[in-house]
Amino acid sequence: MFQERYRQIERMLRECTDEEDVLLTTGGDHADLASTVAFKLAKKQRRPPHQIAGDIAGRLAADPDLGDIQVEAQGPYVNFRFGPSLLAEAVREALEPGYGELPGHPERVVLEHTSANPNGPLHVGHIRNTVIGDSLARAFRKAGYPLEVQYYLNDMGRQVAIVAWGLDHLGIAREEGEKEDHYVARVYIAANQRIQENPAITEEIDHLMQGVERGDPETAGTFRAAVSLCVEGIRATLAALNAHHDRFVWESDFIRIGDVDRVIEQVRRLPQTHEDETLWIDLSEEGFEKKYILRRSDGTSVYSTRDLAYHTWKGRNYDRVIDVLGADHKLIGAQLQATLGLLGERVPEIVYFEFVSLPEGSMSTRAGKFVSADDLVEEVTAKAFEEVTARRPELSIEERHAIAESVAIAAIRYDIVKVSPEKSTVFNWIEALNFERQSGPYIQYAHARACSILEKAGEFERAYRYETEHEVALARHLALFPAVVERTVAELRPHHLAAFARELADLFNAFYHYNPVLKSEGETQISRLTLVDAVRNTLQESLETLGIDALRSM
RNA sequence: GGGCUUGUGGCCUAGUCAGGAUAUGGCGUCAGCCUCCUAAGCUGAACAUCGGGGGUUCGAAUCCCCCCAAGCCCGCCA
């Protein structure tokens, strides 16, 4: 409803003013839609803007095409407000299963996110990547794109060599019940300590790395075993977070199948490429000062070379390539984009997010200085279990535990996704454990309330008459959801979805407080029940795009 | 030193790309609301030189310039 009306009003304003951009935006409290085009015309027509706005409103009001939209000039603003039949239409649409879905797009999208190095568990910095990436993936699916989500597994880096060496030489045993990735981190930290004490070990590490680059089967096997072990733990964490990857892509495969050699050949033909003891590209014309080295003097490839091969492959198999990367990748990401551009390959769209640090400073897997995602989930789940037990002592332990798990993931994911990605953040236990207002559980709670009312009401005939301020505000807000999905995908910024869901919960709670549903009667009651059902459905759909369970009871 | 990003009440945050109507919410503080659809809720109060200074404009949190502060990056690491 909203998007159609937006386009309609935009078109009518264009015809009425002969302006290409009619400055149409949402009008906040004043209106559903509002235009400031009168300011722009004031200069050209040398008339005061309020007069022009009045003329425009007068002419549009006389146009029968406007239908159930009221138009009014308020000073220099031309305000549009949706009438009762449009609000009814909005509620009707919001009741549909899958509400918010957009017409399908043909472009196949590949979205890469998380891709943390397999040398330890995911920590609270990594999962910002996970939550942003997974929410975006869900938004893309809702927006009608065929999508594949990938995890790029760095299985031949120096850290992996260090882990493999540590597993071989340090004799550290896995503890009873210790998760694979946490065990790997322990070995990695210990191995790094050992290297610091005895730098000669570095040569052994180099030797391992050359072996894996040559494709030496024994070394490759050790690396693969180390990586597989860690990935098992990482997968479990991702699953707990409700984040799903369709495919894990192993970096070393691009060497094994010859893609790295092929991309080197391609690079060689570029006029910007130089070959001395190393192979490098001069990207100074693209604004980069340093050499972009793609082959070491010992003939081995670097991370960038393999990444180039990976992105070439993605670009040839998908219509859009999207990466979610930490801000520390900005330079190499830009170099990658520039190089792919020179090669005539598809250039990826990159979503950057700023760093998450701890109050005592930035995190480091090597130094063992991090809060793991698993510890976070455990702590938050324990707190959620306490809360559920206090509120719903009559539920069984199993039921309370299931609710606590969902509430914990909601709290964690929402806490991360609500902040726009370009803000750096400091991890804060107090906020992570807060389930009030601007939180995932708060939105889940609004949903559960709606479910509870509907369950008590039983069967009812639908009706769509909305008069109170709270009813109208809710219906207006419901109408925005598809536009929010569209905006999220257009801007690659999932925090819009978080804000929409929270505002909907806010409006519903206010409505709940002031407009009784079950105690009302007649058409008012069935209209309110219909509205509650539409809110329930829209909350469910928006929570789904955020990867949060829409609990029916909590 | 250079580049990128950020700077909004005590704390966190929306709005900045597409400049407009009294700057969005939350936490915390203070004062209220459960004989009433789940109080993980609702209401009210106090709290803001939108980092600072210039400029453009009828109009700037938003655009331009300078400065300050914080984070990140600048490897034949990944």
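Below, chain A is the first sequence line, B the second, and so on; all start at residue 1.
OP1 and OP2 of B:rG26 both lie 4.0 Å or more from every side-chain N or O belonging to A:K418. Proximity of A:S420 to the phosphate of B:rA14: a side-chain N or O atom is located under 4.0 Å from OP1 or OP2. Using a 4.0 Å cut-off, no side-chain N or O of A:Y514 falls inside it from OP1 or OP2 of B:rC37. Applying the 4.0 Å criterion to OP1 and OP2 of B:rG7, one finds that A:K423 has a side-chain N or O inside that range. Look at A:K456 and you'll find a side-chain N or O under 4.0 angstrom from OP1 or OP2 of B:rU38. Between A:S297 and B:rC76, a side-chain N or O to OP1/OP2 separation shorter than 4.0 Å is absent. The phosphate of B:rA39 has OP1 or OP2 within less than 4.0 Å of a side-chain N or O from A:R449. Regarding contacts with the backbone of B:rG15, a side-chain N or O of A:H495 is found under 4.0 angstrom from either OP1 or OP2.
Rounded to an integer number of Å, the gap from A:Q438 CD to B:rG41 C1' is 15 Å. In this structure, A:F355 atom CZ and B:rC4 atom C1' are separated by 13 Å, rounded to whole Å. Atom CD in A:E422 sits roughly 12 Å away from atom C1' in B:rU13 (whole-Å rounding). We find that CD1 of A:I453 is positioned 12 Å from C1' of B:rG41, with the value rounded to whole Å. To the nearest angstrom, P of B:rU43 lies 9 Å from CG of A:N509. The separation between A:F288 atom CZ and B:rG75 atom C1' is 17 Å, rounded to whole Å. B:rG3 atom P lies 9 Å from atom CD of A:E289, rounded to whole Å. Nucleotide B:rU38 holds its C1' atom 16 Å from the CZ atom of A:R400, rounded to whole Å.
Residue-level contact check: A:V517 touches the bases, meaning some heavy atom is under 4.0 Å from a base atom. Using a 4.0 Å heavy-atom cutoff across all strands shown, A:Y442 reaches sugar-phosphate atoms only and no base atom. Looking at heavy-atom distances under 4.0 Å, A:N79 makes contact with a base. Residue-level contact check: A:V388 touches the bases, meaning some heavy atom is under 4.0 Å from a base atom. Residue-level contact check: A:S553 touches the bases, meaning some heavy atom is under 4.0 Å from a base atom. At the heavy-atom level, A:D276 lies nowhere under 4.0 Å from the strands shown. Across all strands shown, A:H447 has no heavy atoms under 4.0 Å from either base or sugar-phosphate atoms. Residue contacts shown for A:V407 include a base, since a base heavy atom lies under 4.0 Å away. Using a 4.0 Å heavy-atom distance criterion, A:A499 is classed as making no nucleic acid contact. Across all strands, A:E503 comes closer than 4.0 Å to no nucleic acid atom at all (heavy-atom distances). A:A457 comes within contact range of no nucleotide atom at all, as no heavy-atom separation falls under 4.0 Å. At a threshold of 4.0 angstrom between heavy atoms, the contacts of A:Q444 with the nucleic acid are absent. Note on A:R536: nothing from the nucleic acid sits closer than 4.0 angstrom, heavy atoms only.
Stacking between A:H513 and B:rG41 is absent: the aromatic ring centre is not both under 5.5 angstrom from the base six-membered ring centre and within 30 degrees in plane angle. By the 5.5 angstrom centroid cut-off and the 30-degree plane limit, A:F39 is classified as stacked against the base of B:rG20.
Two residues, A:R295 and A:K330, neighbour RNA chain B, and the one matched to the more 5' nucleotide by heavy-atom proximity is A:K330. Position along RNA chain B of the nearest nucleotide to A:K519 versus A:K291 favours A:K519 as the more 5'-ward residue.
A:I132 has its side chain within reach of A:R128: a pair of non-hydrogen atoms, C-beta onward, lies under 4.5 Å apart. Residues A:H477 and A:F500 are in side-chain contact: their nearest non-hydrogen atoms beyond the backbone lie under 4.5 Å apart.
For the 3.5 Å distance criterion, the side chains of A:R400 and A:T389 qualify, holding a donor opposite an acceptor. Between the side chains of A:Q74 and A:E72, a donor-acceptor pair is found at a separation under 3.5 Å.
Cation-pi check for A:R449 over A:Y512 is met; the charged atom lies under 6.0 angstrom from the ring centroid and within 45 degrees of its normal.
Atom NE2 of A:H329 has more than 12 heavy atoms from other residues, nucleotides or ligands within 6.0 Å. Atom CD of A:E521 has 12 or fewer neighbouring heavy atoms from other residues, nucleotides or ligands inside a 6.0 Å radius.
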Atom pairs under 3.5 Å, N or O on each side, protein against nucleotides 27-32 of chain B: can you list them with distances?
from	atom 1	to	atom 2	distance (Å)
B:rC27	OP1	A:R437	NH1	3.4
B:rC27	OP2	A:R437	NH1	3.3

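Ring geometry for A:F39 versus A:Y77: interplanar angle over 60°, hence perpendicular rather than tilted (30 to 60°).
Base pairing of B:rG44 is made with B:rC30, judged by Watson-Crick or G-U wobble geometry with both donor-acceptor distances under 3.5 Å. Using N1 to N3 plus N6-O4 or O6-N4 for Watson-Crick, or N1-O2 and O6-N3 for G-U wobble, each under 3.5 Å, B:rG1 pairs with B:rC74. Nucleotide B:rC50: unpaired (no Watson-Crick or G-U wobble partner with both distances less than 3.5 Å). Pair check for B:rG19 finds none; no Watson-Crick or G-U wobble contact set falls under 3.5 Å. Base pairing analysis places B:rU57 opposite nothing; no Watson-Crick or G-U wobble pair with both distances below 3.5 Å involves it. When Watson-Crick and G-U wobble pairs are counted only if both distances are under 3.5 Å, B:rG7 pairs with B:rC68.
An anti base is found at B:rC27: its glycosidic angle is more than 90° from 0.
Here, B:rU13 and B:rC47 have their C1' atoms 16 Å apart, quoted to the whole Å.
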Verdict with supporting geometry, A:F481 and A:L504, side chain to side chain contact (heavy atoms under 4.5 Å, CB included): CA-CA 10 Å; A:F481 184 47; A:L504 183 55; over 6 Å; no
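Salt bridge A:E10/A:R14: present, at least one basic N to carboxylate O contact under 4.0 Å.
Taking the ring pair (Phe, Tyr, Trp, His ring centres under 6.0 Å) definition, one finds that A:Y6 meets it with nothing, sequence neighbours left out.
Side-chain to base pairing of A:E491 with B:rC17: one donor and one acceptor N or O lie within less than 3.5 Å of each other.
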